[in-house]
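Input: a single structure, listed below in structure tokens.
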Amino acid sequence: AQTVTQSQPEMSVQEAETVTLSCTYDTSESDYYLFWYKQPPSRQMILVIRQEAYKQQNATENRFSVNFQKAAKSFSLKISDSQLGDAAMYFCAYRSTSGTYKYIFGTGTRLKVLA
Amino acid sequence: GAVVSQHPSWVICKSGTSVKIECRSLDFQATTMFWYRQFPKQSLMLMATSNEGSKATYEQGVEKDKFLINHASLTLSTLTVTSAHPEDSSFYICSARPGGAVGGTQYFGPGTRLLVL
């Protein structure tokens, strides 16, 4: 069975600085999808970025980028030029390309942004 | 695009009553919908997966008779908490997957906070 691990329960970053959130996963599959979701205090889950495992190029969305290391089964999220609005819980998720399309979530990392 | 709504956003009920939560995909047809439960400061716990017109698939440990899920159309799924008790108090979140969605991306509703007195 697949597992997703986020080893950093909480991280802090100074406004305008860069922070990296870690995510590792375990799977025997070769094709899958990985996601980062943000959950602000409103508790609305917001898709931050998505990566297809078959793509070697790291996904990027404005200030958000990932470092996808397939062999190491690592999927870290880098937030550049951090803003106060980035403060939230961040969840890493894995989805198989087969089966029920359900996500496997990590335990989350709480990001604090310091003014 | 890809907006999911939930209703109600907040509900308080007495122990022993049933509560229905609606999840709607507003601008797309949802082949699959998911129901999650989230305790404070914890991750999302998948309760069940539902496909339109078929029975929901429940995760291990989730009581199907207590948490009734109906996915009657491609835009609506409902979760009914039957004979609710205080331990059912939680934050319930639904998500929906558009048919043919790239990467099977799920779009989440804003959640429903349930308090059982």
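First the proteins, then the strands, lettered A, B, ... as listed; each starts at 1.
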Exam field: side chain B/Q106 to backbone A/Y101, donor-acceptor pair closer than 3.5 Å: yes
Heavy-atom closest contact (B/I93 atom, A/R43 atom, distance): CD1-O, 4.5 Å
Over 12 non-hydrogen atoms of neighbours within 6.0 angstrom of CD in B/E87: yes
Side chain, backbone, both or neither of B/Q6 within contact of chain A (heavy atoms, under 4.5 Å): neither
B/H85 atom NE2, neighbour heavy-atom count above 12 within 6.0 Å: yes
Other residues, nucleotides, ligands: >12 heavy atoms within 6.0 Å of A/K70 NZ: yes
Members of residues 110-117 of chain B whose heavy atoms come closer than 4.5 Å to chain A: B/P110, B/R113
Ring center gap for A/F105 and B/Y36 short of 6.0 angstrom: yes
ILVMFWY network linking A/L47 to B/F34, side-chain heavy atoms under 4.5 angstrom: yes
Qualifying salt bridge (charged side-chain N to carboxylate O under 4.0 Å, His left out) pairs with a residue from residues 21-37 of chain B, counting only residues at least two apart or across chains: B/E22-B/R24
Same cluster (ILVMFWY, side-chain, under 4.5 Å), A/V48 and A/Y32: yes
Nearest-0.5 Å distance that lies between atom CD1 in A/I46 and atom CZ in B/F108: 11.5 Å
Region of A/M45 in contact with chain B, defined by heavy-atom distances below 4.5 Å: both
Hydrophobic cluster identity match, A/F68 and A/I49, side-chain contacts under 4.5 Å: yes
Heavy atoms from other residues, nucleotides or ligands near CD of A/Q56 exceed 12 (cutoff 6.0 Å): no
Atom of B/T105, atom of A/Y37 and distance for their closest heavy-atom approach: CG2-OH, 3.8 Å
For B/K66, all residues meeting salt bridge (charged side-chain N to carboxylate O under 4.0 Å, His left out), sequence neighbours excluded: B/D88
Structural part of A/Q6 lying under 4.5 Å from a heavy atom of chain B: neither
Residues of residues 42-61 of chain B near chain A, each having a heavy atom less than 4.5 Å away: B/Q42, B/S43, B/L44, B/L46, B/T49, B/E59
B/V11-B/V81 co-clustered via ILVMFWY side chain contacts under 4.5 Å: yes
Cluster check A/Y33, A/L77: I/L/V/M/F/W/Y, side chain < 4.5 angstrom: no
Any side-chain heavy-atom pair of A/R110 and B/K41 under 4.5 Å: yes
Crowding at NZ, A/K38 (>12 non-hydrogen neighbours, <6.0 Å): yes
